[in-house]
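Single-structure report; data block below.
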Amino acid sequence: AGGEAPALAQLVKDGKLPPLAERLPKKPMVVTPYEKVGTYGGSLRRGLRGSSDHNGILRMVGNQSLVRWNLDFTAVQPNLAERWEVSEDATQFTFHLIEGVRWSDGHPFTSDDVVFAIEDCVKNTELYSATPAQLAVAGKPVTVEKIDDYTVKFTFAAANALYLENLATPLGQHPTLFPKHYCSQFLPKYNPNIEADAKKAGVTSWTELFRSRCGDIEIPTRWGNVDKPTLDPWVVKEPYVGGATRVVMTRNPYFWQVDTEGNQLPYIDEINFGVSQDVESLMLNVISGKIDIQERHISVLANKPTLSQNMQKGDYRLLTLVPSASQQCQIYFNITHKDPAMRKMFADKSFRQALSIGINRPELIDIVYFGQSEPYQAGPRPTHPWYNEKYARQFTEYDADKAGAMLDQAGYKKGGDGFRVRPDGQKVFFSIDVIPTLYPDLVDALELVKTHWAQIGIDMKVNTIERALYYTRGDDNAHDAQVWPGPGGLDPMLDPRDFFAFHPQGSRYAIPWTLWYTSNGARGEEPPESQKKRMKLFDEARSTADLDKRGAVMKQIFDIAAEEFETVGLCLAVGGFGIIRNNLRNVPEKEPDSWSWPNPGPALPQQFTFTS
Amino acid sequence: MTDTVPIAGRPLLEVKNLTVEFPLRTGVFRAVSDLSFSIEPGKTLCVVGESGSGKSVTARSILQIVDAPGRIAGGSITLNHPNRGSTNLTGLNPRGRQIRAIRGRDIAMIFQEPMSSLSPIHTVGNQIVEALRLHTRMSKAEARAEAISLLKQVEIPFPEKALDRYAFQYSGGMRQRAMIAMALACKPQLLIADEPTTALDVTTQAEILDLIARLQKANGMAVLFITHDMGVVAQIADDVLVMHNGVAKEYAPVEQIFHAPQDDYTRMLIGSVLKLEQKAEIRLARAPLDRTAAPILELRNVSMDFGEVKALDDVSISLLPGETLGIVGESGSGKTTMGRSIMRLIDPTSGEILYRRADGGIIDLATAKGQTLAAARRELRMVFQDPFGSLNPRMTVSQIIGEPLLVNGVAKGRALEERVCHLMEQVGLDPRARERYPHAFSGGQRQRIGIARAITLNPRVVVADEATSALDVSVRSQVLDLLMRLQDELGLAYIFISHDIGVIRYMCDRVGVMYKGQLVEIGEAEQVCRTPEHAYTQALISAIPRPDPRDRDHSRRFRYVPPDSLKPGNLGLGNLKNGSSQR
Amino acid sequence: MLVFIAKRLLWMIPSLFAVSFLAFVLIQLPPGDYVTTYIATLAASNEIVDQNTAAQLRERFGLDDPMLIQYFKWIWGILSRGDFGISFEWQQPVSDLIWERMALTLVLALSTLIATWAIALPIGVYSAVRKYSIGDYFFTAFTFFGLAVPSFLLALVLMYVAAVEFGQDVGGLFSPEYENASWSFAKMADLFSHLWLPVIILAVSSTASLIRVMRANMLDELPKPYVTTARAKGLSEFRLLMKYPMMIALNPFISTIAWLLPNLISGSVVVAIVLNLPTAAPLLLQALMAQDMYLAGAFVLLICALTLIGSLISDILLALVDPRIRLE
Amino acid sequence: MADIAVTNIPPDRAAVASQWQLIWWAFRRHRLAMVALVVTLLMYIVALVPGFFAINDPYLQNARATFHPPQKVHLIDTQNGFSFGPHYYPMKLTRDPETLAAIFKEDTTKRVDIQFFGRGYEYSVFGLFNTNIHLIASPDKTTPLLLFGADRLGRDVFSRTVQGSQVSLSIGLLGVFLSLMLGIVIGGISGYYGGRIDFFMQRLIDFVLSLPTIPIWLAMAAALPQDWPATLQYMMITIILSLTGWAQLARVVRGRFLSLRTEEFVAAARLDGVREGRIIFRHMLPSFASHIIASITLAVPAMILAETSLSFLGLGLQPPTISWGVLLREAQNIRSIATAPWLFMPGCAVVVAVMALNLLGDGLRDAADPYNK
Ligand SMILES: Nc1ncnc2c1ncn2[C@@H]1O[C@H](COP(=O)(O)OP(=O)(O)OP(=O)(O)O)[C@@H](O)[C@H]1O
Ligand SMILES: Nc1ncnc2c1ncn2[C@@H]1O[C@H](COP(=O)(O)OP(=O)(O)OP(=O)(O)O)[C@@H](O)[C@H]1O
Ligand SMILES: [Mg+2]
Ligand SMILES: [Mg+2]
């Protein structure tokens, strides 16, 4: 006997919309509001930046997957699947969907849709020439069967113990992304005239048509079609297309969640994303109170004084982001450098160790991070159960003399100009790539590191470059060293790039090894034993469903990684922050900052509400 | 403007103790000092004097348009307008409304250098119509019709078409006449004419003088006429002001000036006129020309068309080494075009221009290119008809004169300076003025800069296009003598384009007469001047003004009308009319 | 004249080919490709693109083809179907994207242009005629300011003052209520009430430089004898200046028309970004930076066509204004 | 010749000024231009040895001075008895724990006297020798003298501005100069010859005008060796970009030359046997000098500021390199406007430079103008 938004009630009265009971599932999912039961109405303003910011929308509305994360980012909860069973060997996952859920156009959502999404769409090789990584194990794609209208079974070729967690991340949205009744018209299997339709629509092939109408998880066109039915709390009203100055989402009258009093969610009528070309104009909007909730793009620490000084003026409060990353600035020396002499130098563990203790971390934290961090190397954050003290803290103590001695011993003697010389007579010199437009703080930090290292006789160049160049240099293995924030602080399983050569674009200390790993030895360069061991261990962890056992395996990895000391970290990732307008309630004032936990989505914006 | 009765006892324009100064780097230069004169309505005051004596500056002062940094340092200029009362012009703001009302309407001015004084980017018609519409209430169409009639009155052929052409498409004389038409457009009370007929052949000049006289009669227009042509002075002046070095040497009725000059300078001036009446002494002393020598320059059937205008029509002529060939002809008859074709500044439409080099080789200048052309140009020099336009405004005179020496590697540094000084002295310029830019010279001085530049490189042929038109008679004869002495020294040959028959007689061995692009007569200078054969030449000779105010008989004068224009329907353009028949 | 225009128009065809090809090469010249930039952009928010998806994007966009093939595919699409291709980023036909932004771009650019010329030319003339007067010094000071302050800093400051101190709605060209409304009188009014800020900001620096250039050119023409002639006719100073020296001093400005048109599109990118203006420039920039090839290529083609047209117009105007210049 | 030789010429008749002398004399009379010349020279002296004029190490970060406001320099001390001489009081920093905002208060109990020609950080002069003598120095190394305040990392804005002059007043100008030369030569040739040559040159110019420069920047940034110093890379890029930047000037020059070439004095020069190059540069160009001087003086600030927009796009010079453009870019955010306006002091340096260069240009123009009074 819950309520519905007044506007919807009016539509029902006018006969333009079925009554609430017919729109909701028999047993709608009940969401407990964060603070209190809210009131209907209002338009929530939020900012997007320029182009390619589709994930800004995704994070706010588009995370209605089969399962979702809990608020603390510790466990997977039911979402569209009210429950599930996992087979012992973690190869079979059976999901039971909530009965009576409807797409935003009123069409029922059933296991047919899930089967369609995976079997017809994702596994269509014209559409997806390679199956997305989540849905393929051991090189084979998943098989999805319909058990009954509300039960589907996913079968993997091998153990996929992480599947539920993956499913809760944004990249796990495929099963609920494509409404069969709508998207099937864009598939040749269901529509023989598809090529002609594509021509008519002005695109060259049916796959393009499909993508522009049904989108994909992470492409702008997902929000560019007002007709596509979704399961999200809000649906597109003014689309995100090239040149759009704003994107408006309006409430989904068939949204399938209710609050504890049975009122249909969402509370807020509309979400209005203003598209700012530049972050500064976004900042201005925030300060002048024209944004209701924002952390994206403005969350750098440097903005905090300005934003906190204008709290009164902008009538907002601050939102604390708990970093999920582990390292604020991870230095990746290229251990697999193309130049053998450089490779030898970087591969020298004591060289890296000396450089690490040659950094005055407390000073750096003081200047660049307002004292808001602590010296750190790598590994899960201190609050994480898998925290590894040695891996996290070794070689963080500043000791220039010792560093010098270590370098002397390793054969890098000081030359005439005070800088060290390699055993082959060349001066020790390397550059560290950094992207200033993306991470200005890393430039500042490296500048300091440069002065610290100069004191121990190491000459380094802070190489500020444009991001595409940064990537290309990495991909070509043409870099001396690069920096990037180190992930895996709260979600070590999801992005272990620092722990071993895992990510071809992330584990920048040994790109060729990552290629070897991802291509199963077909490409790249064979890594040393300790890497191979970790790779094996990680594969094992991935297929271990039991959390404790998995933890034990992962800890072995951390031990090895600590021993190898491949990357040099500066300090623990610093928390960002955001702002919430004072009249916006039911928003947790502290939330993880992560892609896997695509904040603020898992805090359930559908139960955010305005007080007048 | 019906009331032409002068205010009793007061002249139209009174200039009292006018002093004009130019502050220069080295001190203040007084271009005009303590000058007084006045002009009665309907009368003509002629100003004569040495080139650079301040005639133009005086004229400009009246309209308050002395170029910076010049300033009127003293004296007054009063305009006594019959209807509007008297105004002290020196007291007016030079940009103000009052002086603007006077300019163009009450006082109009014909500038000395017509070639540069017209806007290069507006049609001539546009500029005349503008003057008309500014001071009268004419509609566009009326103004245009009036402009056409004005052009017709100044003898521009095909005025309807000419109206829509640009100044650079006009010949020098045509530009001058366009200036005259513009100045006369509003029927001013006072016309200031600064050497208005220097680029006109004597027939046209006579017509223009008649036109001015008619307007004087009809409107009581007063005229301040600056000229070097004593013949003209004798014909039209009521009073004459003789200037020298910025001061008035003599100010008297015309009779007195010619028949009882008081001042030495005036006497010298009149004497120089007589000198130019005969053949030059230098030439008399010369051995006769070797007529059998191979010509140094030979034009064969040269034609040049500008669209439908045939500026040169099948011209053939040759020039012997050491010879001076005079070219006379109606304004717009293609004289300049011929000169420019020889220098290859324009490409003739057809024909050959053969130049014999010192080594005997022959080059066709009409088709020569690159090195050959450049080499030939070193031996051929030209004095441009437009002295102002042909001097780079951003180079000092010393650079301008020295440039040919410098780029041809003849001299540099100190030696170059010496050469420049010497050249300037030769043409009668003060070498100390060589750090000045061309705009800071008088018209005649600029002309001499052009001459100095032309003779720098010891050329073999010089094409002198109206090279002495802006020079007073005494300086003119000096410059001509200089040219002839150079001829003796270097064996130069001249092509001497001039409207001044006196100069031709003084200087030239042979003379060619051009008419409408054709060479209608060519012969010994003496013979052509005495017994001209072609009817046009006869008309030309008949129109030469006599330098004697007592001999103002126009009845001798007649006009040449080409036979084809006598056809019916074409009568409007020209008919055989006697000079006096108009009166 | 007609022959001249026809000849020039014919020449545009090879020029367009050459420029489009070179542009295509240039756009691809920077390291990486669209997918790299795409990944890098997402990584900025710590978002991850599935490895397989990235590889497959490349394949789908034909980025693995040799460049020549990509070029010919594209050109062929344009020639045969008038199809400028699809924007990688937006998955929308390029032509839609471009035209969508052109209208507002033109409004803004033309208003700026008119404002600039209308302010700068008279002031430039004034500064020249009244050289070293109080007024001249005043405008000189203004121009120095306009030249020395980066326009987007100015934009930022003005926006800050307007937004924070006065609570004004700044950025963009429309109020929210009109943003997606259809065109109406009220919407036009709203547009113009938003237009002044960007126009001022965009106009400041170009006005300043225009003033300086105009002043310099006028100073050269003022002492010419033909000006004195006109003055002697009794022309008022204003008409005189407008008709005579100004026309000649305009010569350099007429030459600039060649890149005026293309500048309408590509000019003032950064200001447009800061002010959040829905004009073409940010889209072009984004396309170039992201190596969104067809979109960028189409823009470059458009710019090239406009350059060619602009230079034709400017050549014709040059000859019209100054008859001494002949068209050959 | 005796009859027309002008008499009474003073013996040293050659003692007149050359054109350059004339120009220099005219220039000297232009008081503002002289001031501008002095300022420009001073700026270049600063740019030559920025270390001497800097007070603190421009790269030195200082945790206690983040967003330090400009320090007041006092002349008369009344706090600690009465004394005279330039001095300042160190500022004490407290940080708001919640907002992280820094709060500075003048501590009048301590007084630091400013030294002239005192000792400070060590810098190198032309890479020849090192010294640590500075024009202005502060004896107290822990509380540095911050005339223009400090930036987010506590670096001295004054010293950074001084240091930045080096890059800003040199590299960009190289590009300006190169495109200028190219523009004049190509535009001059095109306009002087006209006709067919002009036609093809114009097609080339159209072509160059339509090329997008951003990809060139991107490609260049990648292609140049990464171990080059940032300034050298930037210089190479500006040089290469000036290979496209000339087109605009070339068109303008050409437009003017098309009409200039019909002038009689050009014909006269040709008859004098002057070669084409000299006609273009020596005879025709001066008539267009005003425009060119104006263009140069306009191009210089544009070049300095271009850096700011370029680094906005992640191109061009980037920190840690110091230039005015980079400094302004770093300052260009709401944060600085709202809380640290002194970060825009480099902008004042740009204003001064622009002003000096433009006035200098004006003076030159006037001095070279034959009609100038
Ligand atoms: N701007 C100037 N600066 C310096 N001297 C000047 C300037 N203008 C003219 N003069 C000088 O003033 C004197 C008078 O010049 P003006 O033009 O009146 O001579 P003029 O009598 O008209 O001579 P001409 O018959 O040659 O035209 C000349 O000696 C000339 O050199
Ligand atoms: N550039 C041009 N374009 C068109 N017509 C021209 C051009 N130059 C000269 N003309 C025409 O050619 C004819 C001859 O001109 P030219 O200058 O040779 O005459 P001129 O004999 O020197 O006359 P003047 O004695 O008046 O100087 C004139 O009718 C003139 O209008
Ligand atoms: Mg004169
Ligand atoms: Mg002539």
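Worth saying up front: this structure is predicted, and the values here are computed from it rather than measured. Protein chains get the first letters and strands the later ones, always in sequence-line order, with residue 1 at the start of each. All values below were derived from every heavy atom in this structure, side-chain atoms included, with hydrogens, water molecules and symmetry-related copies excluded.
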Is it the side chain or the backbone of A:Phe430 that comes within 4.5 Å of chain D heavy atoms, both, or neither? neither

Would you kindly say whether A:Ser308 and A:Asn310 are connected by a side-chain donor-acceptor distance under 3.5 Å? no

Could you check if a side-chain atom of A:Leu301 sits within less than 4.5 angstrom of a side-chain atom of A:Asp441, using non-hydrogen atoms only? no

So, the side chain of A:Tyr316 versus the backbone of A:Leu307: is there a donor-acceptor pair under 3.5 Å, distance only? yes

Do A:His479 and A:Tyr470 have their ring centres less than 6.0 Å from each other? no

State whether a side-chain donor-acceptor pair under 3.5 Å links D:Ser336 with D:Asn333. yes

Applying a heavy-atom distance below 4.5 Å, give me the residues of residues 451-463 of chain A that approach chain D, sorted by number. A:Lys461, A:Val462, A:Asn463

Are any non-hydrogen side-chain atoms of A:Tyr412 and A:Arg422 less than 4.5 angstrom apart? yes

Checking A:Leu448 against chain D: side chain, backbone, both or neither under 4.5 Å from a heavy atom? both

Verify, without hydrogens or angle tests, whether D:Ser159 (side chain) and D:Asp57 (backbone) share a donor-acceptor contact under 3.5 angstrom. no

Part of A:Ile287 lying under 4.5 Å from any heavy atom of chain D: side chain

Note: vs chain D, highest number of non-hydrogen pairs under 4.5 angstrom among A:Asp433, A:Val443, A:Asn303, A:Asp444 is A:Asp444

Run the numbers on A:Ile435 and A:Trp484 for side chain to side chain contact (heavy atoms under 4.5 Å, CB included), then give the verdict. CA-CA 9 Å; A:Ile435 310 174; A:Trp484 198 264; 3.8 Å; yes

